[in-house]
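Predicted, not measured: the structure shown is a model, and the values here were computed from it.
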Amino acid sequence: MRNPFRTAAWWAADYVYAGFWQLRAFWSRTDPAGFETGPKAPIVILPGVYETWRFMQPLISRLHADGHGVHVLDKLERNQRPVAEMAHVVDTYLREADLHDVVLVAHSKGGLAGKLTMLGEAGERIRGMLAVATPFGGSRYARLLPVRTLRAFSPEDPGIVELARHLDINARIVSVYAEFDPHIPEGSELPGAKNVRLDTGGHFRILADPRVIAELAVLAE
């Protein structure tokens, strides 16, 4: 049995983290062009639903400091559009920017768009994906939500079901997720992928876990 006090503490810490970085993202005026150069493998950032790329700026800054050119897609805005539309935006960007050997770094819904992109025309340009807290199997909580954007995460949603059928591509994915995720009670284990289960809780704050950087370093070698 999971300790309920520890679970409550994880839950509270997760929303404190999310609230703080959403506010910072709102006020940030950082020019993303400054992140695009670097000698190591190029990285494309795919944030989660209701997140702009600025929500992931602490991770972006760290990846750039480590030598990666990091690309963000303003056209994704706050990622409220269907996963297929997100994937089309990513696919178009990879081809127009002529990027190769790319590593996708995705949070939550971004991982669904990333996997769909890997299955498309631009998939050959992608080395792999590091997905953090992605609902690959959906979330049963989505059934209870009144907003279509969030109901699309239901385990029965056709998009979730169709993505799950494509197993071969999973070998190029690293899925990092917490022991307890308040948004995805099913967890983010992906068959055939490298699954990294962190002994902590949260959906947002694990973006700052040092093991995320460690797994990215291995994937990008």
Side-chain angles (χ1 to χ4, degrees), residues 21 25 28 30-136 163 166 169-177 188 190 193-194 196 204 206-208 212-221:
W21 285 109
S28 173
T30 302
D31 183 356
F35 296 122
E36 292 181 359
T37 58
K40 295 184 179 180
I43 289 173
V44 171
I45 297 294
L46 304 178
V49 66
Y50 300 131
E51 299 169 5
T52 69
W53 67 265
R54 296 180 187 278
F55 182 76
M56 295 178 67
Q57 192 168 327
L59 180 57
I60 291 169
S61 297
R62 173 62 188 275
L63 295 173
H64 184 251
D66 285 347
H68 295 279
V70 184
H71 300 254
V72 303
L73 285 69
D74 280 320
K75 286 185 178 180
L76 292 178
E77 298 176 335
R78 299 185 70 231
N79 289 347
Q80 293 171 258
R81 287 177 287 179
V83 167
E85 291 184 23
M86 289 178 61
H88 177 71
V89 170
V90 180
D91 183 287
T92 300
Y93 182 87
L94 293 179
R95 287 186 284 110
E96 290 183 349
D98 196 25
L99 295 178
H100 296 271
D101 206 26
V102 171
V103 176
L104 305 177
V105 174
H107 179 233
S108 196
K109 180 183 180 181
L112 301 178
K115 181 175 178 179
L116 189 56
T117 305
M118 294 171 75
L119 293 166
E121 292 182 13
E124 63 184 12
R125 297 174 178 269
I126 299 169
R127 178 190 301 189
M129 177 171 69
L130 177 70
V132 180
T134 291
F136 288 111
L163 268 183
H166 296 276
I169 204 75
N170 293 353
R172 292 162 53 197
I173 297 173
V174 178
S175 181
V176 181
Y177 55 97
S188 298
L190 184 65
K194 180 180 180 181
V196 181
F204 303 103
I206 61 172
L207 285 166
V212 170
I213 295 293
E215 289 299 330
L216 188 281
V218 173
L219 184 60
E221 282 181 354

Looking only at heavy atoms, what is the nearest atom pair of [X] and [Y], with distance?
X    : Y    : answer
E51  : F204 : OE2-CE2, 3.5 Å
A87  : A113 : CB-O, 3.8 Å
A220 : A41  : O-CB, 4.2 Å
D91  : A122 : OD2-N, 3.1 Å
S175 : F136 : OG-CE1, 3.7 Å
S188 : P135 : OG-N, 4.4 Å

Within the 4.5 Å heavy-atom criterion, are [X] and [Y] side-chain neighbours or not?
X    : Y    : result
F35  : T30  : yes
K115 : N170 : yes
L216 : I43  : yes
L219 : K194 : no
K109 : M86  : yes
L94  : T117 : yes
W53  : D74  : yes

Are there more than 12 heavy atoms of other residues, nucleotides or ligands under 6.0 Å from atom [atom1] of [X]?
X    : atom1 : answer
R62  : CZ    : no
E121 : CD    : no
H88  : NE2   : no

Check for a donor-acceptor pair, side chain of [X] on one end and backbone N or O of [Y] on the other, with a separation under 3.5 Å.
X    : Y    : result
H100 : E124 : no
K75  : V89  : no
T134 : L112 : no
R125 : L99  : yes
H71  : V44  : no
R172 : G128 : no

| request: Start with the C-alpha gap between V218 and V174, add the side-chain angles, then the distance that decides, and say whether side-chain contact (heavy atoms from CB on, under 4.5 Å) holds. | output: CA-CA 10 Å; V218 173; V174 178; over 6 Å; no
| field | L46: which of L76, V72, N79, V105 passes side chain to side chain contact (heavy atoms under 4.5 Å, CB included) | value | L76
| How many angstroms lie between CD1 in I45 and CZ in F55, if you round to the nearest 0.5 Å? | 12.5 Å
| query | Would H68 and V103 count as a side-chain contact (heavy atoms from CB on, under 4.5 Å) if you check the C-alpha gap in whole Å, the side-chain angles of each, and the deciding distance to 0.1 Å? | reply | CA-CA 10 Å; H68 295 279; V103 176; over 6 Å; no
